[in-house]
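Report on the following structure.
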Amino acid sequence: MSENEINLDDEVVVGFLIQREAENGDLSFWNPETKWTDDPNEAMLYEDEDVAEDTADKLQAEDESVEITVAVVIEDDEEDDEDEDEV
């Protein structure tokens with residue numbers, strides 16, 4: 001396993017988001033139409049990890065003052081929500 005691979009066990013990967021972390025820790029997410037947005041639901045969901053990585057690399061080259069990475073989006077099985085209701 002390479003250092004870039006993530007062991008997701010039985011998780012289903014639904015796509016990839018490009019995220020930017022500011023110095024204060026705030027995250028924003030990439031959408032080619034609207035640029036950076038604070039809402040991950042408004043960001044572009046990439047199906048191909050290589051395309052997401054290439055785009056992130058280009059964005060990083062344009063702005064080296066922040067860290068731009070690709071985040072894995074996994075399917076929400078909603079089991080955790082049920083556990084929280086039982087408390």
Side-chain angles (χ1 to χ4, degrees):
M1 179 181 296
S2 75
E3 65 182 60
N4 291 336
E5 291 179 2
I6 299 173
N7 183 4
L8 297 175
D9 297 323
D10 295 327
E11 302 291 345
V12 176
V13 175
V14 294
F16 305 89
L17 292 177
I18 296 174
Q19 65 184 19
R20 173 179 73 175
E21 184 174 356
E23 287 183 21
N24 64 3
D26 288 345
L27 292 176
S28 54
F29 304 90
W30 179 250
N31 181 325
E33 294 177 10
T34 60
K35 306 299 180 201
W36 295 104
T37 177
D38 293 337
D39 185 354
N41 294 316
E42 294 178 10
M44 180 171 179
L45 183 65
Y46 290 83
E47 294 179 10
D48 186 321
E49 184 177 17
D50 291 334
V51 172
E53 289 285 351
D54 288 345
T55 304
D57 289 344
K58 290 175 187 173
L59 293 167
Q60 184 69 65
E62 293 173 8
D63 186 358
E64 296 180 1
S65 67
V66 294
E67 183 176 355
I68 298 175
T69 58
V70 173
V72 177
V73 179
I74 58 172
E75 183 176 64
D76 183 7
D77 60 9
E78 297 183 15
E79 287 183 18
D80 293 346
D81 294 339
E82 292 173 9
D83 292 340
E84 290 175 8
D85 293 339
E86 294 176 8
V87 176

Taking all heavy atoms of Asn31 and all of Glu42, pick out the closest pair and write down the distance. ND2-O, 2.7 Å
Report the distance from atom CG of Leu45 to atom CZ of Phe29, rounding to the nearest 0.5 Å. 12.0 Å
Measure the spacing between CE of Met44 and CH2 of Trp30 and express it to the nearest 0.5 Å. 10.5 Å
So, taking the atom named CG in Asp26 and the one named CD in Gln19, what distance separates them when rounded to the nearest 0.5 Å? 12.0 Å
Mark yes or no for whether Gln60, through its side chain, and Val66, through its backbone, hold a donor-acceptor pair below 3.5 Å. yes
Within this structure, what is the CG-CG distance for the pair Leu27 and Asp39, rounded to the nearest 0.5 Å? 12.5 Å
Passing option when Tyr46 is tested against Val70, Thr55, Val73, Leu17 for side chain to side chain contact (heavy atoms under 4.5 Å, CB included): Thr55
Quick check: closest heavy atoms across Asp38 and Pro40, and the distance to 0.1 Å? O-CD, 3.5 Å
Distance in Å, Asp54 CG paired with Glu49 CD, rounded so as to fall on 0.5 Å steps: 10.5 Å
same_hphob_cluster(Val51, Phe16) at 4.5 Å side-chain heavy-atom cutoff: yes
Considering only heavy atoms from C-beta outward, does the side chain of Ile18 approach that of Trp36 to under 4.5 Å? yes
